Amino acid sequence: MAEEMMNNKQIILKHYVEGYPKESDMEFKNNNIKLNVPEGSNVVVLMNLYLSCDPYMRSRMKNLEDSYVESFTPGYPITGCGVAKVLKSGDSNFQEGDLVWGMIGWEEYSIVTPTQSFLFKIHDKNVPLSYYTGILGMPGITAYVGFYNVCSPKKGETVFVSSASGAVGQLVGQFAKMLGCYVVGSAGTKQKVDMLKSKFGFDEAFNYKEEQDLDAALKRYFSDGIDIYFDNVGGKMFDAVLLNMKLHGRIAMCGMISQYNLKKTEGVHNLLCLIAKRICMKGFIVSDHFRLYSKYLEMIIPQIKGGNIVYVEDIVEGLENAPKALVGLFYGRNVGKQVVMVSRE
């Protein structure tokens with residue numbers, strides 16, 4: 001097979017990062033790539049269309065040990081979830097022209113092994129392709145597994161979601177409302193708080209930055225306590241929630257964005273509540289549950305097409321703007337799911 005050499009724009013991690021990441025920690029470079037499938041190989045050549053900016057990527061910018069994810073390698077492209085088009089394939093499960101989502105490089109073209117990249121073929125194209133970085137991709141199944149499987153919700157229960165306007169939180173809140181729960185969310189701006197109530201249908205929402213006493217804020221909205229807490233932030237919010245959980249409450253530990261940029265993570269003071277209130281707290285990793293993806297699609301696609309679920313995206317155009325978009329997550333600049341458009345199909 002003839003080799004096709006192409007220019008490949010990439011976002012490179014320059015070095016491991018301490019504290020809050022900066023755009024200067026990453027570099028926009030031009031490299032060449034051979035768009036060919038070596039004989040006998042099962043790799044797939046991709047043209048990347050959309051990239052997902054996700055908080056967990058901050059952890060990969062450090063030299064990790066004993067982690068569920070691997071560190072990025074300085075001098076090489078950042079990787080993350082994204083949507084792409086198959087240009088060439090050595091894997092019989094993928095054909096030229098297929099649209100896919102999975103783990104790809106922050107670059108114009110990627111050559112990946114489907115099993116290592118958790119590559120999923122996109123069958124339903126009557127929704128925005130960018131949705132496969134969010135509601136129809138990793139954040140969507142994260143919300144689904146975390147809420148339904150980890151939290152075991154029941155109609156009429158009280159639910160609190162932190163970072164509720166983000167890629168995962170906005171879905172958890174809507175799932176809870178569909179089930180008939182009372183739902184409150186926290187966010188970091190008035191715009192996001194208003195959006196939680198007006199667009200996503202949360203019963204109440206508050207700006208955590210305006211609350212000097214988080215315990216008092218939670219008591220204001222949950223006078224009888226919290227049945228379910230979906231945690232995306234950790235830290236002081238998690239500590240305050242423990243004081244306000246009901247007996248036999250459930251906590252899904254999904255993320256801890258408040259801790260990712262700290263040299264020393266904050267301690268937790270109210271763990272005794274786990275014992276006294278017989279609380280079930282469980283952490284989960286979405287990749288352990290990808291077997292449920294087809295079941296999730298059966299549930300969520302009709303809800304999207306029926307207008308019963310709303311999903312808000314914050315789309316930035318151009319690979320060169322990806323570092324700014326990723327860094328912005330940790331300052332709350334994004335409104336909804338942060339996506340980078342690399343190329344229009």
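Computed from heavy atoms alone, side chains included, the values below leave out hydrogens, waters and symmetry copies. Fair warning: this is a prediction, and the values are worked out from it, not measured in the lab.
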[X] [atom1] to [Y] [atom2] distance, which is reported to the nearest 0.5 Å:
X	Y	atom1	atom2	answer
Ile251	Phe160	CD1	CZ	11.0 Å
Leu297	Met299	CG	CE	9.5 Å
Met281	Met245	CE	CE	10.0 Å
Thr133	Lys337	OG1	NZ	5.0 Å
Leu319	Trp106	CG	CH2	8.5 Å
Asn270	Leu242	CG	CG	6.0 Å

Heavy-atom neighbours of [X] [atom1] exceed 12 at 6.0 Å:
X	atom1	answer
Lys190	NZ	no
Lys305	NZ	yes
Lys282	NZ	no
Lys62	NZ	yes
Tyr76	OH	no
Tyr68	OH	yes
Lys324	NZ	no

Between [X] and [Y] (side chain of the first, backbone of the second, donor and acceptor by atom type, cut-off under 3.5 Å), is there such a pair?
X	Y	answer
Gln170	Gly336	no
Asn42	Asp91	no
Asn48	Ala84	no
Asp98	Val86	no
Tyr293	Leu136	yes
Thr158	Asp227	yes
Asp231	Met253	no
Lys192	Ala187	no
Ser198	Asp194	yes

* Which pairs with one or both residues in residues 306-315 pass salt bridge (Lys or Arg N to Asp or Glu O under 4.0 Å), sequence neighbours excluded? -> none

* Of all pairs that satisfy salt bridge (Lys or Arg N to Asp or Glu O under 4.0 Å), the ones with a partner from residues 6-31, not counting sequence neighbours -> Glu18-Lys263, Lys22-Asp25

* Candidates Tyr131, Phe120, Phe118 - the one meeting ring-ring contact (aromatic ring centres under 6.0 Å, His included) with Trp101 ->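 Result: among Tyr131, Phe120, Phe118, Phe120 is the only option passing the ring-ring contact (aromatic ring centres under 6.0 Å, His included) with Trp101.
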
To check you understand the geometry: which heavy-atom pair defines the closest contact between [X] and [Y], and what is its length?
X	Y	answer
Gly188	Tyr208	CA-CE2, 3.5 Å
Val100	Lys121	CG1-CA, 4.1 Å
Gln10	Pro77	NE2-CG, 3.4 Å
Met195	Ser165	CE-CB, 3.9 Å

* Test item: Leu326 and Met26 side chains (from C-beta on) under 4.5 Å apart, heavy atoms -> yes

Are a donor atom and an acceptor atom from the side chains of [X] and [Y] found within less than 3.5 Å of each other?
X	Y	answer
Ser67	Arg60	no
Lys219	Asn244	yes
Tyr229	Ser162	yes

* Test Phe222 against Tyr182 for ring-ring contact (aromatic ring centres under 6.0 Å, His included), laying out the working first. => CA-CA 9 Å; Phe222 296 98; Tyr182 167 79; 5.7 Å; yes

* Centroid-centroid distance, Tyr331 to Tyr20, less than 6.0 Å ->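 Yes, the ring centres sit under 6.0 Å apart.
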
* Asked: Hey, what's the ring geometry for Tyr221 with Phe206, parallel, tilted or perpendicular (30° and 60° as the breaks)?
  -> parallel

* Asked: Should the pair His289 and Phe284 be assigned to parallel (<30°), tilted (30 to 60°) or perpendicular (>60°) ring geometry?
  -> perpendicular

* Asked: Run the side chain to side chain contact (heavy atoms under 4.5 Å, CB included) check on Val183 and Phe200 step by step: do they pass?
  -> CA-CA 10 Å; Val183 187; Phe200 301 135; over 6 Å; no

* Structure fact -> Under a side-chain separation threshold of 4.5 Å, the hydrophobic residues clustered together with Leu272 are Ile275

* Asked: Could you go step by step and tell me if Phe230 and Phe147 meet the ring-ring contact (aromatic ring centres under 6.0 Å, His included) rule?
  -> CA-CA 7 Å; Phe230 199 99; Phe147 183 63; 7.5 Å; no

* Asked: Applying the side chain to side chain contact (heavy atoms under 4.5 Å, CB included) test to Ile135, which of Ile304, Ile141, Val168 qualifies?
  -> Ile304

